[in-house]
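This structure is a prediction, so every number in the text was calculated from the model and none was measured. Letters go in sequence order (proteins before strands), and every chain restarts at 1.
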Amino acid sequence: MKPKLNPMPESDVARRLLEAASEVIETSGEASLRVQEIVEAAGVQAPVLYRHFGNREGLVQSVHLARFLRELTDEAEVFAILARAAGSKEEFRSHFDGLVRAAADPARRDRRRTRLEVLGSAMSRPELSELIGKVQSSTYVQVVDALIAAQKQGWIRAEVEPVSFVAWASSTMLGLAAVEHYGASSDPADWWIGYQVEACRAILFGDD
Amino acid sequence: MTLILNPGPGTPVADRILDVAKEILGEVGEAGLRIEDVMGGAGVQAPVIYRHFGNREGLVQSAHLARFLAELQQGSETFRAETLVAVDAGEFRAAFDRLLDTILAEEHREASFVRFEVLGVGTQRPLLTEAIRVAQSSNYAQPVAALEHAQEQGWIRSDIVVSEFLVWAVSSILGLAAVAKFRTEPGIIDQWAATHRQAIHTVLFGDKL
């Protein structure tokens with residue numbers, strides 16, 4: 001059978017399977033997921049799993065996609081900081097600083113790592129890649145709109161291309177995730193974000 | 001059996017098994033790696049695979065690590081000691097920009113996908129994480145030395161810590177792999193690279209836009 005991507009199942013049993021699989025993947029990674037353990041934890045028979053997810057691979061991909069969707073929802077909350085109405089350039093700048101602080105918060109470290117893990121796992125999975133690409137662009141609409149509005153007010157440089165700036169700024173956070181997980185420094189977020197903020201300010205506002 | 005992390009080079013048989021596994025990972029990803037295919041591809045029986053790699057998971061992690069190390073090796077060839085040799089600020093900047101262009105170029109894209117994939121799938125695997133950590137730690141020594149020299153000469157800003165700057169500038173290039181893989185808007189890759197150039201220039205040279 002082919003993998004069936006089903007990250008937001010309506011049926012109760014499928015949700016239980018997804019939750020059980022999610023727990024295993026989050027604690028010990030997808031390689032350690034055993035179909036037998038999942039069906040036992042969800043209290044169902046194996047054919048139920050295959051009906052809803054096609055096969056083990058479909059379940060794994062569905063978990064990755066579900067985790068990615070959760071992460072995006074959470075990121076949208078951070079972006080909302082910038083979307084608040086600003087009355088002046090100064091206010092917009094302080095919203096921008098708030099956005100960066102929230103995005104780089106050490107408390108979000110696990111979420112950043114999840115994003116790195118899910119996107120990394122999707123690299124060799126064409127169907128999952130395609131779905132991730134589709135949901136991703138729509139998350140950034142809010143913050144792109146905020147930049148467009150600020151640009152109309154003359155608060156950010158006219159040369160900035162909002163869509164690609166946001167794609168750059170958000171994707172580079174994956175670098176922070178990698179440094180946090182693989183780097184030698186125990187808490188790199190401070191200096192990493194320091195350079196990032198400086199670059200963002202220079203690009204958006206033209207200062208250093 | 002427990003997994004054995006064995007990224008090679010080792011015995012000819014182990015290397016052959018590893019080559020087949022790397023090829024499969026490159027083509028269909030780890031979910032598509034079947035021991036029978038590796039047996040067929042390398043012309044060995046299953047016990048030989050388990051002797052060298054412990055189990056399937058050991059082979060998967062070893063092949064990921066081998067791909068990552070090959071990519072690191074390619075990266076350090078891009079940066080050779082003479083890459084940033086310069087006699088004045090202008091020459092240094094030109095050399096630096098050439099290096100940046102090489103790193104951001106399309107020829108590097110496949111390698112950056114591999115790097116991204118291994119870093120992603122390594123997050124939940126303690127042995128692989130540790131091996132990647134060790135492999136990466138020595139990787140910045142040469143470019144750091146070159147940038148420190150430039151800083152002593154006053155060719156770059158004096159108020160940055162070059163080792164940290166470099167980690168920031170290089171790690172954030174993971175974003176390019178993500179955008180190239182997952183985004184489809186026309187021109188977005190080139191715009192990403194242009195933005196990254198601006199970002200690095202403002203921080204390293206203090207450029208004003």
Side-chain angles (χ1 to χ4, degrees), chain A residues 3 25-32 56-57 60-61 113-114 116-125 129-130 132-133 136-137 157 159 161 163-165 167-179 181-185 188 191-192 194-196 198-203 206-208, chain B residues 25-32 56-57 60-61 113-114 116-125 129 132-133 136-137 160-161 164-165 167-179 181-185 187-188 190-196 198-203 206-209:
Chain A
I25 290 183
E26 270 161 29
T27 2
S28 40
E30 63 165 86
S32 60
R56 177 186 180 278
E57 173 67 6
V60 168
Q61 292 197 24
R113 202 197 49 216
T114 298
L116 179 65
E117 183 196 346
V118 172
L119 293 182
S121 315
M123 282 278 161
S124 303
R125 290 168 159 148
S129 292
E130 202 187 319
I132 283 176
Q136 203 171 224
S137 332
R157 289 169 59 241
E159 295 82 1
E161 212 290 293
V163 171
S164 53
F165 174 79
W168 173 78
S170 56
S171 67
T172 48
M173 296 302 285
L174 291 160
L176 177 57
V179 173
H181 190 74
Y182 295 103
S185 158
W191 53 261
W192 197 97
Y195 293 118
Q196 182 75 3
E198 208 185 302
C200 285
R201 283 188 185 151
I203 292 168
D207 61 12
D208 58 356
Chain B
L25 290 193
E27 277 165 16
V28 292
E30 64 169 83
R56 176 185 179 277
E57 174 65 8
V60 167
Q61 293 198 23
F113 290 157
V114 170
F116 195 118
E117 183 181 8
V118 178
L119 290 176
V121 302
T123 55
Q124 295 273 37
R125 290 164 155 152
T129 289
I132 290 172
R133 215 172 259 163
Q136 274 199 148
S137 61
I160 58 171
V161 179
E164 294 174 352
F165 161 80
V167 170
W168 167 72
V170 174
S171 68
S172 48
I173 293 176
L174 277 180
L176 179 59
V179 166
K181 190 76 181 186
F182 300 110
R183 299 287 291 262
T184 51
E185 292 95 328
I188 198 154
D190 290 340
Q191 287 163 358
W192 193 102
T195 308
H196 204 58
Q198 282 183 344
I200 287 179
H201 280 166
T202 55
V203 175
D207 284 9
K208 298 271 190 286
L209 296 168

Side chain, backbone, both or neither: which part of [X] has a heavy atom under 4.5 Å from chain A?
X: B:Ile173; result: neither
X: B:Gln136; result: side chain
X: B:Thr129; result: both
X: B:Glu185; result: side chain
X: B:Val114; result: neither

**OP:** For the residue pair B:Phe165 and B:Trp168, categorise the inter-ring angle as parallel (less than 30°), tilted (30 to 60°) or perpendicular (more than 60°).
**Re:** tilted
I need the residue from [options] with the largest number of non-hydrogen atom pairs under 4.5 Å to chain A.
options: B:Ile200, B:Val161, B:Thr195; value: B:Thr195
options: B:Thr184, B:Leu174, B:Val170, B:Leu209; value: B:Leu209
options: B:Val167, B:Ile188, B:Val179; value: B:Val167

Under a 4.5 Å heavy-atom cut-off, does chain B meet the side chain of [X], its backbone, both or neither?
X: A:Ser28; value: backbone
X: A:Ser32; value: neither
X: A:Ala184; value: neither
X: A:Gln61; value: neither
X: A:Gln136; value: side chain

Original post:
Is the side chain of A:Tyr182 donor-acceptor paired with the backbone N or O of B:Thr123 at a distance under 3.5 Å, no angle test?
Top reply: yes
Original post:
Would a distance-only check, ignoring hydrogens and angles, find a side-chain to backbone donor-acceptor pair under 3.5 Å from A:Ser164 to B:Trp192?
Top reply: no
Subject >> Cation-aromatic face contact B:Lys181/B:Phe116, 6.0 Å, 45 degrees >> reply: no
Subject >> Approximate separation, where rounding is to 0.5 Å, of B:Ser137 OG and B:Ile132 CD1 >> reply: 12.0 Å
Subject >> Pairwise distance CE(A:Met173) to CH2(A:Trp168) - rounded to 0.5 angstrom >> reply: 10.5 Å
**OP:** Mind listing the closest non-hydrogen atom pair of A:Arg125 and B:Ala31 along with its distance?
**Re:** NH2-CB, 3.5 Å
Original post:
Can B:Arg125 and B:Glu30 be counted as an ion pair, charged N to O under 4.0 angstrom?
Top reply: yes
Original post:
How about B:Ser172 and A:Trp192: does a side-chain donor come under 3.5 Å of a side-chain acceptor?
Top reply: no
**OP:** Would you mind telling me which of A:Val118, A:Leu176, A:Leu116, A:Val60 has the largest number of heavy-atom pairs within less than 4.5 Å of chain B?
**Re:** A:Leu116
